[in-house]
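So the structure is just underneath, and the comments pick up after that.
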Amino acid sequence: MGIDSRPGDRLTGPGQPSVEEIAAYVVAAAVWAPSVHNTQPWWFSADGQELRLHADAGRQLRVADPRGREMMISCGAALFTARLALRSLGCVPQTCVLPDPGEPLLVARVSWQRRAAAAEYEQRLYGQVRRRRTHRGGFDPVPIPPDLVAMLQSGAKRDGAMLRIVRGAGNRAVLAAAVETAEQALELDGLYARELASWVAPPGSTRRDGVPPTAYSARPEFTLPYFPGRDFAKGHRWGSAESSPSAAPRSAGLVGMLTTAGDRPIDWVNAGQALQRALLTCAICGVAAALHSQPLERARLREFIRTQLCDGAYPQLVLRFGTATQTAVSVRRTPASVLFATGGEHLTIGHE
Ligand SMILES: Cc1cc2nc3c(=O)[nH]c(=O)nc-3n(C[C@H](O)[C@H](O)[C@H](O)COP(=O)(O)O)c2cc1C
């Protein structure tokens with residue numbers, strides 16, 4: 001079938017996989033979705049031919065993300081990945097997003113009754129799920145493939161979001177300044193800094209969540225205009241030394257913003273699905289993406305960006321796209337630790 005599988009994520013045994021095997025396979029892929037500070041704010045419950053995705057409020061960033069917006073974007077990315085994993089098996093997912101108003105942390109119910117072979121592009125997207133990494137820094141001075149932008153924009157639309165390309169030196173500079181202003185404000189905010197530090201792992205840590213030092217460079221790279229990254233190491237000199245960042249500023253790449261018409265949990269889940277579709281589509285084309293949510297964690301800056309750069313639509317994520325050599329390595333919790341049977345027991349199947 002050409003599915004990119006690894007030991008532990010493979011379906012084994014003769015004949016059709018059981019529903020439990022399918023659930024385990026899907027979750028093993030979904031955990032590789034991006035999430036804010038790699039909080040992985042999700043868990044799954046399986047009940048026959050239905051998988052439920054739940055937001056884990058215990059992993060919400062109470063300071064940076066009091067409304068749970070970024071938590072829901074992260075869950076949306078996991079939902080898209082789960083749907084894609086089902087497609088890779090030839091299952092047709094039926095998805096109900098936020099199905100129960102009385103249970104706001106139940107992000108989605110996904111079932112699969114029908115079968116249809118996966119399209120080639122679905123297989124290719126799926127093949128990038130574990131390979132894709134968040135990029136931090138500048139890009140090579142190489143334009144991204146010309147038809148990629150149109151593909152990203154139509155993809156975002158399908159998920160109920162919009163990808164706006166920030167064109168013009170003036171607008172790019174304004175957005176970069178908003179990122180820098182936010183980054184400085186956040187670094188000076190003690191509560192925020194403490195929360196970020198709790199999601200950063202020191203070298204040698206065996207943690208399977210949070211941002212490990214292998215995920216960012218020890219020496220931050222400057223871009224033109226300057227889009228500063230998060231200060232994960234906070235003066236500890238942690239970070240990867242492998243890449244040798246250039247002293248001269250590098251390209252900031254193509255700058256975009258993922259926006260939604262509304263700003264309710266459904267919009268956040270949509271934005272998350274659109275985000276993961278865009279990241280995987282880029283990965284197929286050898287294009288890396290850098291994510292900046294700093295200015296969207298400050299209410300006034302977010303409102304400024306909404307009114308000045310987004311025609312009143314709600315900005316959900318700032319993105320930069322480009323070509324770069326990527327060395328980042330990330331971590332994830334085991335699928336078995338986030339998958340439960342509906343009765344609350346761990347569902348351990350196959351190799352987990
Ligand atoms: C809602 C959201 C916000 C994010 N914000 C940032 C950010 O501001 N800076 C950053 O470097 N990465 C950001 N990320 C990327 C995560 O840090 C990244 O997905 C996580 O560490 C896992 O690493 P991976 O994407 O390489 O697998 C964000 C991701 C999501 C889903």
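Keep in mind that what you see is a predicted model, and the values were worked out from it rather than measured. Whatever order the structure lists them in is the order used to number ligands and atoms, beginning at 1.
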Q. Can you tell which part of S35 has a heavy atom less than 4.0 Å from ligand 1: side chain, backbone, both or neither?
A. backbone
Q. Taking the minimum heavy-atom distance to atom 7 (C) of ligand 1, which of L291, L279, V31 ranks first?
A. L291
Q) Is R69 touching ligand 1 with its side chain, its backbone, both, or neither, if touching means heavy atoms under 4.0 Å apart? A) neither
Q | Distance-only donor-acceptor check, side chains W268 and D263, under 3.5 Å | A | yes
Q) How are the rings of F227 and H292 set relative to one another: parallel (under 30°), tilted (30 to 60°) or perpendicular (over 60°)? A) tilted
Q: Tell me which one of R230, R332, R136 gets a heavy atom nearest to atom 12 (N) of ligand 1.
A: R136
Q) Do R208 side-chain atoms and R332 backbone N/O form a donor-acceptor pair below 3.5 Å? A) yes
Q.
So for Q316, does at least one of its heavy atoms come nearer than 4.0 angstrom to any atom of ligand 1?
A. no
Q. Under 3.5 Å between some N or O of ligand 1 and some N or O of R133?
A. yes
Q. Under the 3.5 angstrom rule, does the side chain of T281 hit a backbone N or O of R277 as a donor-acceptor pair?
A. yes
Q) Can you say whether the rings of Y126 and Y25 are parallel (under 30°), tilted (30 to 60°) or perpendicular (over 60°)? A) parallel
Q. If you measure only the distance, is there a donor-acceptor pair under 3.5 Å linking the side chains of Q276 and T81?
A. yes
Q) Just by distance, do the side chain of Q308 and the backbone of I305 share a donor-acceptor pair under 3.5 Å? A) no
Q: Identify, for atom 30 (C) of ligand 1, the protein heavy atom at the shortest distance, and state residue, atom and that distance.
A: V36 N, 3.5 Å
Q. Which residue and non-hydrogen atom of the protein lie closest to atom 23 (O) of ligand 1, and at what distance in Å?
A. S330 OG, 3.3 Å
Q.
Among all the protein's non-hydrogen atoms, which is closest to atom 21 (O) of ligand 1, and how far away is it?
A. N38 CB, 3.5 Å
Q. Which ligand 1 atoms are under 4.0 Å away from a heavy-atom of S74?
A. 31 (C)
**Q.** Validation row, ring centre F232 to ring centre H236 under 6.0 Å
**A.** no
Q) Judging by distance only, is a nitrogen or oxygen of F232 under 3.5 angstrom from one on ligand 1? A) no
(Q) Measuring from atom SG of C91 to atom CZ of R114, what distance do you get when rounded to the nearest 0.5 angstrom? (A) 11.0 Å
Q. Which atoms of ligand 1 sit under 4.0 Å from any heavy atom of P34?
A. 19 (O), 25 (O), 31 (C)
Q. For S293 and ligand 1, does the shortest N/O to N/O distance drop below 3.5 Å?
A. yes
(Q) Once you restrict to heavy atoms under 4.0 Å, what part of H292 touches ligand 1? Side chain, backbone, both or neither. (A) backbone
(Q) Can you confirm whether the side chains of R230 and S293 place a donor and an acceptor under 3.5 Å from each other? (A) yes
**Q.** Among D65, L275, T134, V129, closest by any non-hydrogen atom to atom 26 (O) of ligand 1
**A.** T134
